[in-house]
Trainee: 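The structure under discussion is supplied below as structure tokens; questions concerning it will follow.
Proteins get letters first, then strands, A, B, ... in listed order; numbering begins at 1 in each.
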Protein chains: 2
Amino acid sequence: MISQETDTEQLILEAAKKVFFKKGYDGARMQEIANEAGINKALLHYYFRSKDKLFEAIFFNAFQQFIPSVVENLNADISFERKIEIFVENYINMLINFPQLPSFVLTEVNRNPERIAEMFGKIGIIPSVILQGIQKEVDKGNISAVEPKQILANIVALCVFPFAARPLLQIVLTENDTAKYNVFLEERKKEVSRFIINSIKI
Amino acid sequence: MISQETDTEQLILEAAKKVFFKKGYDGARMQEIANEAGINKALLHYYFRSKDKLFEAIFFNAFQQFIPSVVENLNADISFERKIEIFVENYINMLINFPQLPSFVLTEVNRNPERIAEMFGKIGIIPSVILQGIQKEVDKGNISAVEPKQILANIVALCVFPFAARPLLQIVLTENDTAKYNVFLEERKKEVSRFIINSIKI
DNA sequence: GTCTATATTGTGATAGAC
DNA sequence: GTCTATCACAATATAGAC
């Protein structure tokens, strides 16, 4: 199934993504998106009826990226520790590629909480599959008897937070040195795995 | 030192806090703040010159709450484990009282990263004191040799994230049931301590 | 499809009476 | 100090020519 999008439509989507990610819905300006795309405002409304509709397109797409597709690992025939290592590494790599994604999603998710329930209907129920996978490991006695909810929250928190709070943490942890903070993020791939695994060892 | 604020000024500050916390700087409207305070727009400009100045007052105050004053615990004569337990419990209790604080601070910190460096100058260097405290424990051989930076990032992430991403996590973890999610947050006080302590045990 | 020009409404800020 | 009325401009959206 090839999604046949015109060049202009694609151009608008990329420009809108850039501006919405940086400024959020309220801060973004249609004029700025038009400039970014090298066209004029009227064309934005021609392709997408309103600012809201344009945003919807961007947000839905971003949301799918935010829940990484890692379900396949859960069924793979590898140890739980290894699954966590792979999950964390993939997750953080994805976030390094889309560093503004967390702050964008968190901002908009708080701005308009109602929208999310609707989103989840379209995307499916990946999270509950993950929770069941963790519970299975507890039942088998492979890990200590902690709430799967808590473990999942911990994994996501440890991966996402350093990106969501980057401007703050970069000052506190690495004297506002961007290169140093990038190293810190790289090191986290191993550190987060280690932290999680240590915390659920029998 | 009694800060002599008029009733009206206090009224405005509370209204502004409410609206800015909910809508963010870009989403907030001076009219809405005026309504919330039961006065008119002109008075807002009489007390605070501009929207920006009013926001500055709110943000600076929120920011001080965001870095809880826990330095005293670092010097107390108790075990490192106990210090972490107290820190986490105080931190999460504070967040339960100001549940919108994380999303507010994260949004604004990403919207205007430049402002933060300046803020830190006014607030002082609490974070570096915490980092040194952790390093001391490593040196004494009380905990495993992990980077203090990573530990601090982990503690803050585990405490803050469930509040910052609440609309999302409440759907994923507790079927969008507010009461259930509050229980989850309560349980986290013990869980986070346990997770951190397990992960740094020798 | 793409543009310029314009309508329409929203919003921060000020003037001036009381 | 507090209000009403209003300014000045910014921003979304549309009309209509090409």
Side-chain angles (χ1 to χ4, degrees), chain A residues 2-62 100 104 107-108 110-112 114-115, chain B residues 2-62 100 104 107-108 110-112 114-115:
Chain A
I2 297 162
S3 77
Q4 183 67 11
E5 282 170 345
T6 66
D7 283 358
T8 306
E9 190 171 347
Q10 194 54 39
L11 221 60
I12 292 174
L13 284 171
E14 274 162 30
K17 182 176 175 178
K18 199 168 174 181
V19 175
F20 278 133
F21 268 43
K22 193 173 179 186
K23 305 281 185 77
Y25 179 85
D26 290 322
R29 296 288 167 255
M30 295 296 266
Q31 184 62 61
E32 191 176 352
I33 295 174
N35 292 345
E36 184 70 36
I39 57 168
N40 57 20
K41 278 189 297 178
L43 260 192
L44 297 181
H45 288 91
Y46 175 80
Y47 279 93
F48 305 84
R49 242 171 50 82
S50 65
K51 180 183 181 182
D52 217 64
K53 289 257 192 288
L54 177 53
F55 179 81
E56 199 82 27
I58 302 297
F59 184 71
F60 183 62
N61 190 267
Q100 288 167 314
F104 172 73
T107 298
E108 299 308 331
N110 279 287
R111 192 179 65 85
N112 192 352
E114 297 77 23
R115 203 196 307 249
Chain B
I2 297 163
S3 76
Q4 183 65 11
E5 282 170 343
T6 65
D7 282 358
T8 306
E9 190 171 348
Q10 194 55 38
L11 221 59
I12 292 174
L13 284 170
E14 274 161 32
K17 182 176 174 178
K18 198 167 174 181
V19 175
F20 278 133
F21 268 44
K22 193 172 178 186
K23 305 281 185 76
Y25 179 85
D26 290 322
R29 296 287 166 257
M30 295 297 267
Q31 183 62 61
E32 191 177 354
I33 295 174
N35 292 345
E36 183 71 37
I39 57 168
N40 56 21
K41 276 191 300 178
L43 259 193
L44 297 182
H45 288 92
Y46 175 80
Y47 279 93
F48 304 83
R49 241 170 49 84
S50 65
K51 181 182 181 183
D52 216 64
K53 289 257 191 287
L54 178 53
F55 179 80
E56 199 82 27
I58 302 297
F59 185 70
F60 182 63
N61 190 267
Q100 288 167 314
F104 172 71
T107 298
E108 299 308 330
N110 279 287
R111 192 180 64 86
N112 192 353
E114 297 77 23
R115 202 195 305 249

Trainee: Could you check how far CD of B:Q31 sits from P of C:dA13, rounded to whole Å?
Mentor: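 In whole Å, C:dA13 P and B:Q31 CD are 14 Å from each other.
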
Trainee: What nucleic acid atoms does A:A28 come within less than 4.0 Å of, heavy atoms only: base, sugar-phosphate, or nothing?
Mentor: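 Result for A:A28 = sugar-phosphate.
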
Trainee: Side-chain N or O of A:T8 less than 4.0 angstrom from OP1 or OP2 on C:dT2?
Mentor: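 Yes, because at least one side-chain N or O of A:T8 sits under 4.0 Å from OP1 or OP2 of C:dT2.
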
Trainee: Would you say a side-chain N or O of B:N40 is under 4.0 Å from OP1 or OP2 of D:dT2?
Mentor: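 No, no such contact exists.
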
Trainee: Please tell me which of the listed nucleotides, D:dT4, D:dT2, C:dC3, lies nearest to the side chain of B:A42?
Mentor: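 From the listed options, D:dT4 comes nearest.
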
Trainee: Report the nucleotide, chosen from D:dA13, C:dA13, C:dT2, that has the shortest atom-to-atom distance to any side-chain atom of A:Y46.
Mentor: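 Nearest to the side-chain atoms of A:Y46, counting from C-beta on, is C:dT2.
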
Trainee: For B:M30 and B:H45: C-alpha separation, side-chain torsions, deciding distance, then whether side-chain contact (heavy atoms from CB on, under 4.5 Å) applies.
Mentor: CA-CA 9 Å; B:M30 295 297 267; B:H45 288 92; 3.8 Å; yes

Trainee: Is any side-chain N of the basic residue among B:R111 and B:E108 closer than 4.0 Å to the acidic one's carboxylate O?
Mentor: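 Looking at B:R111 and B:E108, the cut-off is met.
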
Trainee: For D:dA10 and A:R29 - does any side-chain N or O of the residue sit under 4.0 Å from the phosphate oxygens OP1/OP2?
Mentor: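 Negative; the distance criterion is not met.
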
Trainee: Decide whether A:Y25 and A:D52 meet the rule of one side-chain donor and one side-chain acceptor closer than 3.5 Å.
Mentor: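 Side chains of A:Y25 and A:D52: pair found under 3.5 Å.
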
Trainee: Can you work out whether A:Y47 or A:K41 has the more 5'-proximal nearest nucleotide on DNA chain C?
Mentor: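 Its nearest nucleotide being more 5', the pick is A:Y47.
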
Trainee: Both conditions, 6.0 Å and 45 degrees, for the charged tip of B:R115 above the ring of B:F55: are they met here?
Mentor: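 Because its charged atom misses either the 6.0 Å distance or the 45° angle limit, B:R115 does not stack over B:F55.
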
Trainee: Can you check the A:K51 NZ to C:dT8 P distance for me, whole Å?
Mentor: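 After rounding, the gap between these two atoms is 21 Å.
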
Trainee: Roughly, in whole Å, what's the span from NE2 in B:H45 to C1' in C:dT14?
Mentor: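 Checked: the NE2 to C1' distance equals 9 Å.
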
